[in-house]
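Worksheet for the structure shown next.
A, B, ... follow the sequence lines: proteins, then strands. Residue 1 opens every chain.
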2 protein chains.
Amino acid sequence: MAEEVKVFRSLTSPFPLRVIWALRLKGVEFDIICEDLFNKSPLLLQYNPVEKKVPVLLHNGKAICESLVILEYIEETWKQTPLLPEDPYQKANARFWAKFSDEKVFHSIKWGVLLKEGKEQEEGILAALQNLRCLEEEIRGKKFFGGEAIGLADLALGWLAFYLNISEEVVGLKLVDQETFPSLVAWMREFASAPVVHGSWPDRDELAGKLVSIREASLGRETRN
Amino acid sequence: MAEEVKVFRSLTSPFPLRVIWALRLKGVEFDIICEDLFNKSPLLLQYNPVEKKVPVLLHNGKAICESLVILEYIEETWKQTPLLPEDPYQKANARFWAKFSDEKVFHSIKWGVLLKEGKEQEEGILAALQNLRCLEEEIRGKKFFGGEAIGLADLALGWLAFYLNISEEVVGLKLVDQETFPSLVAWMREFASAPVVHGSWPDRDELAGKLVSIREASLGRETRN
């Protein structure tokens, strides 16, 4: 491999996964550098001095930060297997749902459900369900958000296929079931079984333990594990 | 004008402004539809059913939502006067700072400073200053974030040149001064005097009154005006 392509990830963050999936889709070889976010390496701080977080894509000495920005960079740098359609309007649509993933769905599930309890969590659940219903409507009748093939919005939303269920377990409630969200459930299954996704998820027990710790700390309680 | 190009804005939201500036930079003619966000029009709800907010760009019957997504759409649809450089890495850099504008700078100033008081506001000020210092470092030695000409990051950050000072007045404190942020202050002045920006700002008193109302409501107090 003449090119240097490295992905800085952590054991539990969902955001580096979309970068890994995109590189796999494009058939780009890369190395993974696993960061401990409680003890960040000098390299991570050097490559992402503003945000100091993962993912970072290092390509021939240049560091690109912010997972959705990285996906656009990957799309422009390696043209094969496009992540985005040609048409500007359809492109905008894919970018809209990618943004919706992070700013609405992820935000409402993490900050409104996973890290809350009681009345605040009840409100968070309503917001999360509303966001998830938007996804259910958007994916209805389609195999992927990108149509017949995985696209940018699928990569951005892909974390749901693993993290949603574990988050539900950690808080002890079910947000998404087969009956109310049949299309979203089918998409999660389809996405999770895609070859590029295979073997990329974090260890399930380790992630669950981490989410419990984060939840307990956020609620001001001692960690149980 | 054969093409239908309409921008849905509100009187006070900063986000539609970047869309207006981008269209002006490209020399695209457009109409403005001004929305009352407390009494949204059926058209706005039809064109942005998921988020129900401005801006929306309506182009020949197609609605594009989310201001940064709209900027990318404008860039791809009208090629003249590019908002982004050719090079993928430089593109990623511009996109990074555009995202930083919304997720860090805007967020910390609105939610941490404008809508808070006391100890919470003190923490918000620290976060806002840290974000503003990142901008100061990035713009140092350059005329615009895009280099010699206004680019995507300038359009995304342009709200600062008007909203920062009014927000400071509303809360009665100064975040950015000439001495500590010389490059950022110079950039704000340069940006505000660009021809495409001229005449686009909201009415200053109306905006200040609106920010006071939002602040008081957020702090659970009666509105003073």
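- In A:Q46, the CD atom is crowded: over 12 heavy atoms of neighbouring residues, nucleotides or ligands sit closer than 6.0 Å.
- Within a 6.0 Å sphere centred on CD of B:E179, other residues, nucleotides and ligands contribute 12 heavy atoms or fewer.
- Other residues, nucleotides and ligands contribute more than 12 heavy atoms inside 6.0 Å of the CD atom of B:E123.
- When heavy atoms are compared at a cutoff of 4.5 Å, A:A98 does not approach chain B at all.
- Residue-environment remark: CD (B:Q130) stays at or below the threshold of 12 foreign heavy atoms within 6.0 Å.
- Contact between A:F96 and B:C65 at its shortest, heavy atoms only, is CE1-CB, 3.8 Å.
- Closest non-hydrogen pair, A:V69 versus B:A92, comes out as CG1-O, 3.4 Å.
- Annotation: A:Q80, atom CD; neighbour count of heavy atoms from other residues, nucleotides and ligands within 6.0 Å is above 12.
- With a 6.0 Å radius and a threshold of 12 heavy atoms from other residues, nucleotides or ligands, A:E117 has its CD atom above the threshold.
- A:C134 approaches B:V50 most closely through the heavy-atom pair SG-CG1, 4.0 Å.
- When side chains are defined from C-beta on, A:R95 does not count as touching B:E66, because their heavy atoms never get closer than 4.5 Å.
- Proximity to chain B (any heavy atom under 4.5 Å) is shown, for A:E138, by neither the backbone nor the side chain.
- Proximity of B:E76 to A:K91: side-chain heavy atoms (C-beta onward) are separated by under 4.5 Å at one or more points.
- Residue with the most contacts toward chain B among A:K62, A:H59, A:E51: A:K62 (heavy-atom pairs, distance under 4.5 Å).
- Heavy-atom minimum distance, A:Y89 versus B:A63: CE1-O, 3.3 Å.
- For A:E137, no part sits under 4.5 Å from any heavy atom of chain B, backbone or side chain.
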